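This report refers to the structure that appears directly beneath it.
Throughout, protein chains are lettered first and strands after them, A, B, ... in sequence-line order, and every chain is numbered starting at 1. Please read all numbers here as calculations on a predicted model, not as lab measurements.
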There are 2 protein chains.
Amino acid sequence: MRLVVAECSVDYAGRLSAHLPPARRVLMLKADGSVLVHADGGSYKPLNWMSPPCSLTEEEPDEDQAAAGVRHVWRVRHAKTDDQLIIRIHDLVIDEDVELGVDPGLVKDGVEADLQRLLAEQIDLLGDGHSLVRREHMTAIGPVDILARDAGGAAVAVEIKRRGEIDGVEQLTRYLELMNRDPHLAPVSGVFAAQEIKPQARTLAEDRGIRCLVLDYDAMRGIEGGPARLF
Amino acid sequence: MRLVVAECSVDYAGRLSAHLPPARRVLMLKADGSVLVHADGGSYKPLNWMSPPCSLTEEEPDEDQAAAGVRHVWRVRHAKTDDQLIIRIHDLVIDEDVELGVDPGLVKDGVEADLQRLLAEQIDLLGDGHSLVRREHMTAIGPVDILARDAGGAAVAVEIKRRGEIDGVEQLTRYLELMNRDPHLAPVSGVFAAQEIKPQARTLAEDRGIRCLVLDYDAMRGIEGGPARLF
DNA sequence: ACGTGTATGTCGAGA
DNA sequence: TCTCGACGTACACGT
């Protein structure tokens, strides 16, 4: 990786056009050709960037640019989409090459898959007498997270999200419409389960007769007796 | 900003838990306290990070850590959510402080707002004899991008996207359902307008009687006589 | 390669 | 402050 601090201006042309006026910024040029332009604020998103696959070429500044103090022009071209990033360097403050090697990568825990597994194991959170039919029940338009039966034996389709928003309700609605056309399954009721359910999503769900269920991940995990937190 | 290259391991605990095994990585410590951990690949997203507002504190490594070669322990705490990032430094390769100043910021052009403005100005792209009623027509569940009337005076609701996907069709469908219940407006027909419409979205839209309209941004802009591209 | 669903999404606008 | 929708979303996964 090449780490650069420079006075520079940047132009992007691709799905939109964007321009950065001259200022001092940090440039990261990664081994795969990708480039990140960072300022001293914002969060992890760069001000501007080019994602791989792409390639960087150095050009000579033309007369106008040279007169305006441009020392180097870097053109980064996306290999497939023709998106371009042009970086005009006025002043190089730091320019370091660093050898990083291949990263062993991130290990994650605690996403939707866990919620689904835990709810399948603790299926009575849906209500007394519920039983699991299966996880990832396939339908023509995709898999329903959990298919269960209630105490009376009626089918229950469960859509699980970490955060329940309006999209998830739409998704579950499509599944329910389809499943209710299947005489072997109908009538199918819906449960929208999430760690947190946004008011608009709850309103829409309940308006459509879909039950909302807020999941307490820590409690579900505690019951299961999972590994302790790292710190 | 502080730019660091270091052998380090990283742990995150917050909405999920995540761990990075020891390796050489680039750390960006921004002025607002936020931290980014980058490897030499991936795209602009860091392997791990903490977004502002947050604060960094340095701790002494305990005996076990010191024995394992840990020289420094940095703890980054989110001010509101208690998310934590712990960085254990085994080896500092580069450690530079850089003064960047406030960035003048990004200037954008060519997003959905432009499409909406241009279509409102060139409303006959919807068909001969169409007239604009208003942009951002409010309904109970949100604003419709454009409300127009066709040659016969019937209401037309337009949803505009840069890229037309299934979500946009669902959104327009909700608006149409609602608006068609209003006797002052009904019958309202729908137009789904985008620079590019995905086949599945087109199929769903047409199945629901919604017309699809592909917008040529460059042509619309050309007619308007906007500024030339930067390069 | 394309479509779908998730994300520690991030970011900006509006209430 | 919170909520919602857009994003150059990116990313993993299944077909």
Side-chain angles (χ1 to χ4, degrees), chain A residues 11-18 34 37 41-52 54 78 80-85 105-106 108-113 115-116 136 138 141-145 159-168 170-172 174 194-204, chain B residues 10-18 34-37 42-52 54 76 78 80-85 105-106 108-113 115-116 136 138 141-143 145 159-163 165-168 170-171 194-195 198-201 203-204:
Chain A
D11 282 286
Y12 165 78
R15 317 212 196 155
L16 56 70
S17 302
S34 60
V37 182
S43 74
Y44 73 65
K45 195 175 175 176
L47 290 166
N48 225 327
W49 73 94
M50 184 63 70
S51 24
C54 62
H78 196 274
K80 297 186 175 177
T81 61
D82 286 337
D83 289 17
Q84 284 188 33
L85 194 67
L106 190 68
K108 280 189 185 183
D109 175 37
V111 280
E112 187 193 319
L115 277 179
Q116 192 193 105
E136 303 286 353
M138 278 308 299
I141 55 171
V144 175
D145 288 337
E159 177 65 35
I160 300 174
K161 298 278 181 220
R162 203 174 52 74
R163 287 160 66 178
E165 306 192 15
I166 214 160
D167 289 7
E170 296 288 13
Q171 193 183 342
L172 179 54
R174 287 198 295 272
Q195 279 183 274
E196 181 197 349
I197 295 180
K198 293 288 169 73
Q200 288 217 355
R202 177 180 291 273
T203 303
L204 183 63
Chain B
V10 182
D11 282 285
Y12 166 77
R15 315 205 201 161
L16 56 68
S17 302
S34 60
V35 177
L36 285 65
V37 182
S43 67
Y44 70 66
K45 193 176 175 177
L47 291 167
N48 222 326
W49 71 95
M50 183 65 69
S51 20
C54 61
V76 190
H78 195 275
K80 297 186 175 177
T81 61
D82 286 337
D83 289 17
Q84 283 189 33
L85 194 67
L106 191 67
K108 278 189 184 182
D109 176 36
V111 281
E112 187 191 319
L115 278 178
Q116 189 193 110
E136 303 286 350
M138 275 310 297
I141 55 171
D145 288 338
E159 177 64 36
I160 301 173
K161 296 279 178 222
R162 202 176 48 74
R163 288 159 67 179
E165 306 192 13
I166 214 163
D167 289 8
E170 296 287 12
Q171 192 182 341
Q195 279 184 272
K198 293 287 168 76
Q200 289 219 351
T203 303
L204 182 64

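Comparing A:K45 and A:I166 by the nucleotide of DNA chain D whose heavy atom lies nearest to each, the residue mapping closer to the 5' end is A:I166. Both B:D145 and B:K80 sit near DNA chain D, but only B:K80 has its closest nucleotide nearer the 5' end.
Look at CH2 on B:W49: it is 15 Å from P on D:dA10, rounded to the nearest Å. The nearest whole Å value for the distance from the CG atom in A:N48 to the P atom in D:dC7 is 16 Å.
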side-chain contact (heavy atoms from CB on, under 4.5 Å) between B:D83 and B:Y12, intermediate numbers included: CA-CA 8 Å; B:D83 289 17; B:Y12 166 77; 2.7 Å; yes
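Residue-level contact check: A:M50 touches the bases, meaning some heavy atom is under 4.0 Å from a base atom. Nucleic acid contact for B:T81: none, since no nucleic acid atom lies under 4.0 Å from a heavy atom of the residue.
Residue A:L85 holds its CG atom at 11.0 Å from OG of A:S34, rounded to the nearest 0.5 Å. A distance of 8.0 Å separates CD in A:E196 from CZ in A:R162, rounded to the nearest 0.5 Å. For the atom pair CG of B:L36 and NZ of B:K45, the computed distance is 12.0 Å after rounding to the nearest 0.5 Å. Rounded to the nearest 0.5 Å, atoms CG (B:D145) and CD (B:Q116) are 5.0 Å apart.
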For DNA chain D, what is the dot-bracket line, given that a base pair needs Watson-Crick (N1 to N3, plus N6-O4 or O6-N4) or G-U wobble (N1-O2 and O6-N3) geometry with both distances under 3.5 Å, and | means paired with another strand? |||||||.|||||||
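Contact between A:M138 and A:P143 at its shortest, heavy atoms only, is SD-CB, 3.7 Å.
At least one side-chain nitrogen or oxygen of B:S43 sits closer than 4.0 Å to the OP1 or OP2 atom of D:dC11. Here B:K108 reaches the OP1 or OP2 of D:dG8: one of its side-chain N or O atoms lies under 4.0 Å away. Side-chain N/O atoms of B:K161 include one lying less than 4.0 angstrom from OP1 or OP2 on D:dA6.
Both thresholds, 5.5 Å between centres and 30° between ring planes, are not jointly met by B:Y44 relative to the base of D:dA10, so the two rings are not stacked.
Considering only side-chain atoms of A:L16, the nucleotide from C:dA7, C:dT6, D:dG8 that sits closest is D:dG8.
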